[in-house]
Amino acid sequence: MFYIENFIKFLNKKKINFFTGVPDSILKELNTHINQSNNKHILASNEGSAIAIAAGYHLSTKKIPAVYMQNSGFGNAINPLISVTHKKVYSIPSLLIIGWRGSPGLKDEPQHLVKGLITKELLKLMGIKFCVIENEKDFIRLSKLINFSKSNKVPVACLIKKNTILTEKKFLNKKKDEYISRNFFIKSL
């Protein structure tokens with residue numbers, strides 16, 4: 001397990017301070033912390049749009065964006081990852097932060113089990129280097145991946161399993177309605 005606050009600080013030290021994506025139950029603490037920090041953040045309507053937003057951000061700033069999503073939505077990101085950000089197309093670096101629902105060995109809802117089993121294989125098939133973040137020691141591997149993304153101008157990814165992210169007590173005392181939720185998006189329509 002790791003504290004989300006330390007994860008965000010780590011990313012900021014790696015000069016990643018722009019986030020876009022689709023809220024995910026595994027990554028809810030990430031969304032909460034991004035919204036309470038000075039990082040730039042754009043919510044996307046779907047994962048493919050998040051990749052497009054991230055590509056635009058990189059093209060305008062030359063900085064690496066972070067794109068968060070659940071692995072069940074990764075299929076929506078495949079086309080822009082292959083036809084826009086791929087090394088053989090426009091070669092756009094980014095960090096994909098993927099909530100890994102249905103990861104092998106963990107109990108989850110039936111709709112996540114098949115995608116959970118094939119998530120790593122999809123990343124390998126697409127040529128996207130990745131690591132699994134389970135604790136702060138894994139930040140070292142992620143640091144190397146981010147450096148690889150910068151130097152090779154390609155997307156890289158980290159997978160985060162259910163019940164891996166912790167948050168400091170000061171963030172646990174927030175009212176329930178201060179967290180991003182499905183109801184937040186429905187009300188905003």
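The structure displayed is predicted, hence computed values, not measured ones. These numbers come from the heavy atoms of this one structure, side chains and all, not from hydrogens, waters or symmetry mates.
Cluster annotation: Leu122 is not connected to Val156 through the hydrophobic network of ILVMFWY side chains, with a link wherever side-chain heavy atoms come within less than 4.5 Å. Val89 and Val84 fall within a single hydrophobic cluster, where Ile, Leu, Val, Met, Phe, Trp and Tyr are joined by side-chain heavy atoms under 4.5 Å apart, directly or via other members. The same ILVMFWY cluster, assembled from side-chain heavy atoms under 4.5 Å apart, contains both Leu145 and Tyr68. The same ILVMFWY cluster, assembled from side-chain heavy atoms under 4.5 Å apart, contains both Phe148 and Leu142. The hydrophobic clustering, which links ILVMFWY residues whose side-chain heavy atoms are closer than 4.5 Å, places Ile8 and Ile133 together.
Take Asn12 and apply the side-chain hydrogen bond (donor to acceptor under 3.5 Å, both in side chains) test, not counting sequence neighbours, and it matches Asn39. With sequence neighbours left out, the side-chain hydrogen bond (donor to acceptor under 3.5 Å, both in side chains) criterion links Lys115 to no other residue. Phe130 meets the ring-ring contact (aromatic ring centres under 6.0 Å, His included) test with no other residue; sequence neighbours excluded. With sequence neighbours left out, the ring-ring contact (aromatic ring centres under 6.0 Å, His included) criterion links Phe139 to Phe2, Phe7, Phe10. For Glu121, the salt bridge (Lys or Arg N to Asp or Glu O under 4.0 Å) partners at least two apart in sequence or on another chain are Lys124. By the ring-ring contact (aromatic ring centres under 6.0 Å, His included) test, Phe19 is found to be paired with no residue, residues two or more places apart in sequence or in another chain being considered. Residues satisfying the side-chain hydrogen bond (donor to acceptor under 3.5 Å, both in side chains) criterion with Gln70, sequence neighbours excluded, are Asp24, Ser72. Residues satisfying the salt bridge (Lys or Arg N to Asp or Glu O under 4.0 Å) criterion with Asp138, sequence neighbours excluded, are Arg141.
Residue Leu11 holds its CG atom at 11.0 Å from CG of Asn6, rounded to the nearest 0.5 Å. One distance of note links CG of Asn31 with CG of Leu43; it measures 7.0 Å at 0.5 Å rounding. Atom CD1 in Ile42 sits 12.0 Å away from atom CD1 in Ile34 (nearest 0.5 Å). Here the CG-NZ distance, from Leu59 to Lys62, works out to 5.5 Å after rounding to the nearest 0.5 Å. Atom CZ of Phe18 and atom NE2 of His58 lie 12.5 Å apart (nearest 0.5 Å).
Put simply, the side chain of Thr32 gets close to the backbone of Lys28: a donor and an acceptor are under 3.5 Å apart. Remark: side-chain polar atoms of Ser83 are paired, donor with acceptor, to backbone N or O of Asn79 under 3.5 angstrom.
With a 6.0 Å radius and a threshold of 12 heavy atoms from other residues, nucleotides or ligands, Lys87 has its NZ atom above the threshold. Crowding of Ile140 atom CD1: a count of heavy atoms from other residues, nucleotides or ligands under 6.0 Å not exceeding 12. Lys162 NZ: more than 12 foreign heavy atoms inside a 6.0 Å radius.
Grouped with Leu125 in a hydrophobic cluster is no other residue, since no side-chain heavy-atom contact under 4.5 Å to another Ile, Leu, Val, Met, Phe, Trp or Tyr is found.
Neither side chain, His33 nor Tyr3, offers a donor N or O lying under 3.5 Å from an acceptor on the other. Counted by atom type alone, Lys63 and Asn17 present zero donor-acceptor pairs between their side chains at under 3.5 Å.
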Go through the steps for Thr20 and Tyr57 under the test side-chain contact (heavy atoms from CB on, under 4.5 Å), then give the verdict.
CA-CA 10 Å; Thr20 185; Tyr57 173 79; over 6 Å; no
Could you walk me through whether Ile78 and Met126 pass the side-chain contact (heavy atoms from CB on, under 4.5 Å) test, one step at a time?
CA-CA 8 Å; Ile78 289 175; Met126 294 173 59; 3.8 Å; yes
Can you check side-chain contact (heavy atoms from CB on, under 4.5 Å) on Ile165 and Ile160, steps first, answer last?
CA-CA 8 Å; Ile165 298 176; Ile160 299 175; 3.9 Å; yes
Please table the atom pairs, donor to acceptor, closer than 3.5 Å between any side-chain atom in residues 45-55 and protein atoms at least two apart or in another chain.
unit_1: Asn46; atom_1: OD1; unit_2: Gly48; atom_2: N; d: 3.0
unit_1: Asn46; atom_1: OD1; unit_2: Ser49; atom_2: N; d: 2.8
unit_1: Asn46; atom_1: OD1; unit_2: Ser49; atom_2: OG; d: 3.2
unit_1: Glu47; atom_1: OE1; unit_2: Asn76; atom_2: ND2; d: 2.8

If you look only at distance, which donor and acceptor atoms sit under 3.5 Å apart when one is on a side chain in residues 90-107 and the other is two or more places apart or in another chain?
unit_1: Ser91; atom_1: OG; unit_2: Lys153; atom_2: O; d: 2.7
unit_1: Trp100; atom_1: NE1; unit_2: Gly116; atom_2: O; d: 3.0
unit_1: Arg101; atom_1: NE; unit_2: Asp108; atom_2: OD1; d: 3.2
unit_1: Arg101; atom_1: NE; unit_2: Asp108; atom_2: OD2; d: 2.9
unit_1: Arg101; atom_1: NH1; unit_2: Ser25; atom_2: OG; d: 3.1
unit_1: Arg101; atom_1: NH2; unit_2: Asp108; atom_2: OD1; d: 2.4

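Between Leu81 and Thr85 the shortest heavy-atom distance is O-OG1, 2.9 Å. Lys150 approaches Ile64 most closely through the heavy-atom pair CG-CD1, 3.0 Å.
In this structure the side chain of Leu27 never reaches within 4.5 angstrom of the side chain of Met69, judged on heavy atoms. Side-chain contact between Pro65 and Ile16 is absent, with no heavy atoms from C-beta onward closer than 4.5 Å. Here the side chains of Leu123 and Leu159 are in contact, with some heavy-atom distance below 4.5 Å. Side-chain contact between Met1 and Asn135: absent, with no pair of heavy atoms (C-beta onward) separated by less than 4.5 Å.
Counting only residues at least two apart or on different chains, the salt bridge (Lys or Arg N to Asp or Glu O under 4.0 Å) pairs with a member in residues 125-136 are Glu134-Lys161.
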